[in-house]
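Position 1 is the first residue of the sequence, and the numbers go up from there. Every heavy atom of this structure was used, including side-chain atoms; hydrogens, water molecules and symmetry mates were not.
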Amino acid sequence: ELGTITADLEYRTRLANELGVDVFVSIHHNSGSSSARGTETYYTDYTLNGRQSQTLARLVQQRLVNTTGLLNRGVKNYDYYVTRNTDAPAILIELAFLSNSEEGKLAMDPVFQQEEAEAIVSALEDFFQGTAK
């Protein structure tokens, strides 16, 4: 099982690198204790684009918190496979906790999903406008 997961993560990052993507955004819904809640965004600082990844993570986190009203669990530097091995600026977003009954319902709500998506798109627009200067 673990080998399959690693192979899948390797495929994702290799594909992104071969395609020369501008950014890599991995989107998830979190799980933990039933009382856990909020959203957090991860990046890996020691990579070639670590500083840009951190900037993107901060923009996404700010937009998500402001748009959705979810608890701000922060921007975190962590060594995830996809953020570590993607050449482009890369982030991993954990939106809402499926293990929390209230946030789990939100995560399944198409209106809430649209809000999340629009927040991420707005942050990407901010990021590209900032790096284009």
Side-chain angles (χ1 to χ4, degrees):
E1 178 73 22
L2 187 57
T4 303
I5 293 169
T6 302
D8 182 55
L9 296 175
E10 181 184 357
Y11 171 76
R12 293 178 199 188
T13 56
R14 187 176 67 244
L15 182 63
N17 294 339
E18 288 174 1
L19 292 173
V21 300
D22 295 320
V23 295
F24 183 95
V25 180
S26 186
I27 303 171
H28 306 264
H29 280 98
N30 218 336
S31 184
S33 75
S34 61
S35 62
R37 59 192 189 91
T39 187
E40 53 201 1
T41 305
Y42 293 88
Y43 70 99
T44 303
D45 69 350
Y46 66 82
T47 62
L48 178 64
N49 283 301
R51 186 175 300 260
Q52 285 186 305
S53 296
Q54 182 184 40
T55 298
L56 179 58
R58 286 180 175 161
L59 289 168
V60 167
Q61 182 71 12
Q62 180 180 26
R63 285 284 188 167
L64 282 169
V65 169
N66 290 346
T67 301
T68 65
L70 291 172
L71 174 71
N72 186 352
R73 294 176 61 95
V75 172
K76 300 175 181 178
N77 176 30
Y78 194 79
D79 195 25
Y80 280 116
Y81 188 97
V82 294
T83 57
R84 176 180 71 235
N85 291 296
T86 303
D87 294 339
I91 61 171
L92 187 147
I93 307 165
E94 290 283 6
L95 298 160
F97 277 80
L98 296 178
S99 53
N100 177 301
S101 61
E102 183 181 316
E103 289 192 1
K105 288 176 190 165
L106 276 178
M108 301 302 290
D109 179 359
V111 173
F112 187 77
Q113 291 171 359
Q114 184 68 32
E115 288 176 358
E116 291 172 319
E118 288 176 7
I120 294 167
V121 168
S122 293
L124 286 166
E125 290 171 342
D126 292 346
F127 177 77
F128 286 117
Q129 288 173 0
T131 57
K133 295 178 182 175

(request) Verify side chain to side chain contact (heavy atoms under 4.5 Å, CB included) between Thr41 and Tyr43, making sure each step is shown before the conclusion. (result) CA-CA 7 Å; Thr41 305; Tyr43 70 99; over 6 Å; no
(message) The test is side chain to side chain donor-acceptor pair (under 3.5 Å); show your working for Asn72 and Gln61 and say whether it passes.
(response) CA-CA 8 Å; Asn72 186 352; Gln61 182 71 12; 2.7 Å; yes
(request) List the steps and the verdict of side chain to side chain contact (heavy atoms under 4.5 Å, CB included) for Asp79 and Tyr46. (result) CA-CA 9 Å; Asp79 195 25; Tyr46 66 82; 2.7 Å; yes
(message) Could you go through Arg63 and Asp126, starting from their C-alpha distance and side-chain angles, then the distance that decides it, and tell me whether this counts as side chain to side chain contact (heavy atoms under 4.5 Å, CB included)?
(response) CA-CA 10 Å; Arg63 285 284 188 167; Asp126 292 346; 2.8 Å; yes
(request) Show your reasoning for whether side chain to side chain contact (heavy atoms under 4.5 Å, CB included) applies to Ile27 and Glu116. (result) CA-CA 10 Å; Ile27 303 171; Glu116 291 172 319; over 6 Å; no
(request) May I have the step-by-step check of side chain to side chain donor-acceptor pair (under 3.5 Å) for Glu125 and Gln129, ending in yes or no? (result) CA-CA 6 Å; Glu125 290 171 342; Gln129 288 173 0; 5.8 Å; no
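By the criterion of side-chain heavy atoms lying less than 4.5 angstrom apart, applied directly or through intervening Ile, Leu, Val, Met, Phe, Trp or Tyr residues, Leu124 is grouped together with Leu95 in one hydrophobic cluster. Linking ILVMFWY residues whenever their side-chain heavy atoms come closer than 4.5 Å, directly or via other members, leaves Leu98 and Ile93 in distinct clusters. By the criterion of side-chain heavy atoms lying less than 4.5 angstrom apart, applied directly or through intervening Ile, Leu, Val, Met, Phe, Trp or Tyr residues, Ile91 is grouped together with Val23 in one hydrophobic cluster. The hydrophobic clustering, which links ILVMFWY residues whose side-chain heavy atoms are closer than 4.5 Å, places Val121 and Phe127 apart. At a threshold of 4.5 Å between side-chain heavy atoms, the hydrophobic network of Ile, Leu, Val, Met, Phe, Trp and Tyr places Leu56 and Phe128 in one connected group.
With Asn77 contributing its side chain and Gly50 its backbone, the two residues share no donor-acceptor pair below 3.5 Å. Here the side chain of Arg37 pairs no donor or acceptor atom with the backbone of Phe97 at under 3.5 angstrom. Within the 3.5 Å criterion, the main-chain N or O of Asp87 finds a donor-acceptor partner in the side chain of Asn17. Within the 3.5 Å criterion, the main-chain N or O of Asn100 finds no donor-acceptor partner in the side chain of Ser34. A side-chain donor-acceptor contact under 3.5 Å links Ser53 to the backbone of Ala90. Using a distance-only test at 3.5 Å, with no hydrogens or angles considered, no donor-acceptor pair links the side chain of Thr13 to the main chain of Thr86. One N or O on the side chain of Ser99 and one on the backbone of Gly32 form a donor-acceptor pair closer than 3.5 Å.
One distance of note links CD of Glu10 with CG of Asn85; it measures 8.5 Å at 0.5 Å rounding. For the atom pair OG1 of Thr67 and CD of Gln114, the computed distance is 11.5 Å after rounding to the nearest 0.5 Å. Atom CD of Glu18 sits about 8.5 Å away from atom OH of Tyr11, to the nearest 0.5 Å. Between the CG atom in Leu71 and the CD atom in Glu40 there is a gap of 9.5 Å [rounded to 0.5 Å]. In this structure, CD1 on Ile120 lies 12.0 Å from CD on Glu115, to the nearest 0.5 angstrom. Taken from CD in Glu94 to OH in Tyr78, the straight-line distance is 11.0 Å, to the nearest 0.5 Å.
Heavy-atom contacts from other residues, nucleotides or ligands closer than 6.0 Å to CZ of Arg14 number more than 12. When the shell of 6.0 Å around NZ of Lys76 is examined, it contains more than 12 heavy atoms from other residues, nucleotides or ligands. In this structure, Gln113 places its CD atom where more than 12 heavy-atom neighbours from other residues, nucleotides or ligands lie under 6.0 Å away. Within 6.0 Å of atom CZ in Arg58, 12 or fewer heavy atoms from other residues, nucleotides or ligands are found, so the atom counts as exposed in its surroundings.
Summarising the geometry of Asp22 relative to Pro89, their closest heavy-atom pair is O-CD, 3.4 Å, with the distance given to 0.1 Å. Taking each heavy atom of Thr83 and Tyr42 in turn, the nearest pair found is CG2-O, 4.1 Å. Between Ser26 and His28 the shortest heavy-atom distance is OG-NE2, 2.7 Å.
Using a 4.0 Å cut-off between a side-chain N of Lys or Arg and a carboxylate O of Asp or Glu, Asp8 and Arg12 qualify as a salt bridge.
Taking 4.5 Å as the limit, some side-chain heavy atom of Val65 sits within range of a side-chain heavy atom of Thr39.
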